[in-house]
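Structure record follows, encoded as structure tokens.
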Protein chains: 2
Amino acid sequence: MSLIDQISDQAPALTPSEKRLVENVIERPTAAALGTAGELARAAGVHEATASRLAKKLGFDSYAAFRDALRDEFIATRETATRFEKTIAESSSDTILGKLARDEAQALGRIEEFINPDQIAEIAVMLMNANRIYVYGYGNAEVLALMMVKRFRRFGKAVHQLDTDPRGLAEQMLGLGTGDVVLSFAFRRAPRGYAALIETAREAGATTIMISGKSGALLAPGPDHILAAPRSGDPDAFQTLTVPMTVCNAIIIAAGLTAKEKSLKMLDRLGQLIERFE
Amino acid sequence: MSLIDQISDQAPALTPSEKRLVENVIERPTAAALGTAGELARAAGVHEATASRLAKKLGFDSYAAFRDALRDEFIATRETATRFEKTIAESSSDTILGKLARDEAQALGRIEEFINPDQIAEIAVMLMNANRIYVYGYGNAEVLALMMVKRFRRFGKAVHQLDTDPRGLAEQMLGLGTGDVVLSFAFRRAPRGYAALIETAREAGATTIMISGKSGALLAPGPDHILAAPRSGDPDAFQTLTVPMTVCNAIIIAAGLTAKEKSLKMLDRLGQLIERFE
DNA sequence: ACCATTCTGCAAGACATCTTGCAATCAAAA
DNA sequence: TTTTGATTGCAAGATGTCTTGCAGAATGGT
């Protein structure tokens, strides 16, 4: 039974004070979902105790239970999860491929909680306006580095993939200057030579961008811009590059759109971009 | 200053326990935004007091203030003007990133309709038993080729990434013999030199494996084994490597499991494989 | 090995929030 | 008007949550 039903059932039996409380809840459900009984009562101009009694009257064990129901109903956190869970539920099997696909889809469903569209657009513009782009990825991340190098080369940008050995890296960094952008990847831990990379870039006046898993926020020194989203649901599981790759793809698409006439609605044009991408 | 900035500023000064807390917050921000200090602490496996101290260390007056900041950042409340944009972005997930994530999740959900678990296991065994592995990927597929090369090298296999230019390719194929496996990728169209590759492999007695999108079935001459699954739902959309990458990951995991004691249940062991993979 | 320092759990208590018995108030019916 | 019953605020106490001094453990430097 939904929360609204639960309230409706009781509606005729509500007292004036309780009605004021309910009106208040309906008017600003998220505020009620986050606040305390006292706050709601004050907003409705009634006593705290009345709020407590209302919760019971509506069939909840306590005011806390009532608030939890409000959270389930009005706070965005769960809707996104369930939306994606539906997609996955059908393919519930205990095979490696099935489990993997499910985990990935789940992680993808949560991307938007961590990265907002403005960041994607901002970074796409940054890359397209860069003088030169330096891409750095060590270990598994080299795969993504290669992908970005390929894509942005096709956009006509000057792109350099940085070596992973310290000596080569140092040599390549010599040319770094203002207007350049360093795009780097880090998962689980900071890549070898990471600190030196960021510091050098900063000294040279280049912008640093980091795409990472959940560990991103912990990196020191911090990059100028960071896109961090956790990978597959279970941190103890084999972690893949699906989530960061999707972030990269979003950047690529955004960059592609930036490059063309900006007047057209973005999503309408996705389809038209195939030839440029493939 | 955003919350992430605030955390990043302090990142180098964080203690192990505090890092665990921060990781937990980053991983499930909405949970942290709604819950209590004690709940967060329990989830991170540290003492409640540490959570309280962390909030202060990050520059907040109290844990409550920290939680309020989390709410501002991660919970879409529909009232205030400042959060208007965030709400729009979330509710109508018509952003590039959101649409992309949804499409990918959908495509992943359908993988199992096209590829069955036995095929994955069979190919994993084939690769692990191969004398030498030759990996061929042209264009965007080179990204996946690189990934497979890296992973199987780490398994101790002899892996060669084949050149994409005809001359280099021809030279590298000279060593091909019985017991070798050629793993190749093809999306949209057959890669350059594909026919020659397959024919040469067949003459040399090597096994050929193809990972592809839905066009795979049309390839001529056909490979010995094929894993084909369609990519993102809309064939006219920008197509990514997410689905084939997930297939590759499944093969990698299966290969990893094959290599160790086979008596243990496969899925139970997924978690234990981290160190071998990262 | 020793010392200094930092970290972290414990537990007490401070603080916030919720619940409930009680009494005052109000409205409707006798 | 009086009576009855429901409603509501009050305030005490119950419960939940956060903070902080302290001491033992861990860490790093000498």
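When reading the values below, keep in mind they use all heavy atoms of this one structure, side chains included, and skip hydrogens, waters and symmetry mates. Sequence lines set the chain letters: A, B, ... in the order given, protein chains first and strands last, and positions in each chain run from 1.
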Point to revise | Distance below 4.0 Å between A/Thr36 side-chain N/O and C/dA16 OP1 or OP2 | key: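 No, no such contact exists.
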Check your understanding: Can you find a side chain N or O atom of A/Arg67 that sits less than 4.0 Å from OP1 or OP2 on C/dT17?
Key ->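 Checking C/dT17 against A/Arg67, no side-chain N or O comes under 4.0 Å of OP1 or OP2.
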Exercise for review: Walk along DNA chain D from 5' to 3' and tell me the first and last nucleotide with an atom closer than 4.0 Å to a non-hydrogen atom of chain A.
Suggested key: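 It runs D/dT7 to D/dA11.
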To the nearest angstrom, how far is [X] atom [atom1] from [N] atom [atom2]?
| X | N | atom1 | atom2 | answer |
| --- | --- | --- | --- | --- |
| B/Lys19 | C/dC7 | NZ | P | 11 Å |
| A/Tyr63 | C/dA16 | OH | C1' | 14 Å |
| A/Glu39 | C/dA16 | CD | P | 12 Å |

May I ask you to test the [X]-[Y] pair for a side-chain heavy-atom distance under 4.5 Å?
| X | Y | result |
| --- | --- | --- |
| A/Phe66 | A/Leu58 | yes |
| A/Leu227 | A/Ser212 | no |
| A/Leu197 | A/Tyr136 | yes |
| A/Arg202 | A/Asp224 | yes |

Review point. Can you name the nearest heavy-atom pair linking B/Met245 to A/Leu241, along with the distance?
Key: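 That would be CE-C, 3.3 Å.
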Point to revise | Pair A/Leu40-A/Glu48, side chain to side chain contact (heavy atoms under 4.5 Å, CB included): steps then yes or no | key: CA-CA 8 Å; A/Leu40 174 63; A/Glu48 177 182 16; over 6 Å; no
**Study point:** Any residue of residues 45-55 of chain B with a heavy atom less than 4.0 Å from an atom of DNA chain C
**Key:**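 Within this stretch, B/Val46, B/His47, B/Ala49, B/Thr50, B/Arg53 sit under 4.0 Å of the strand.
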**Study point:** Sugar-phosphate, base or nothing in reach of A/Arg20, heavy atoms under 4.0 Å
**Key:**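 Answer is nothing: A/Arg20 stays at 4.0 Å or more from every strand.
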Practice item. Determine whether the side chains of A/Thr240 and A/Thr242 contain a donor N or O and an acceptor N or O closer than 3.5 Å. Key: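 Side-chain D/A pair, A/Thr240 to A/Thr242: present.
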Review point. Are a donor atom and an acceptor atom from the side chains of A/Glu203 and A/Thr200 found within less than 3.5 Å of each other?
Key: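 No - no donor-acceptor pair under 3.5 Å links their side chains.
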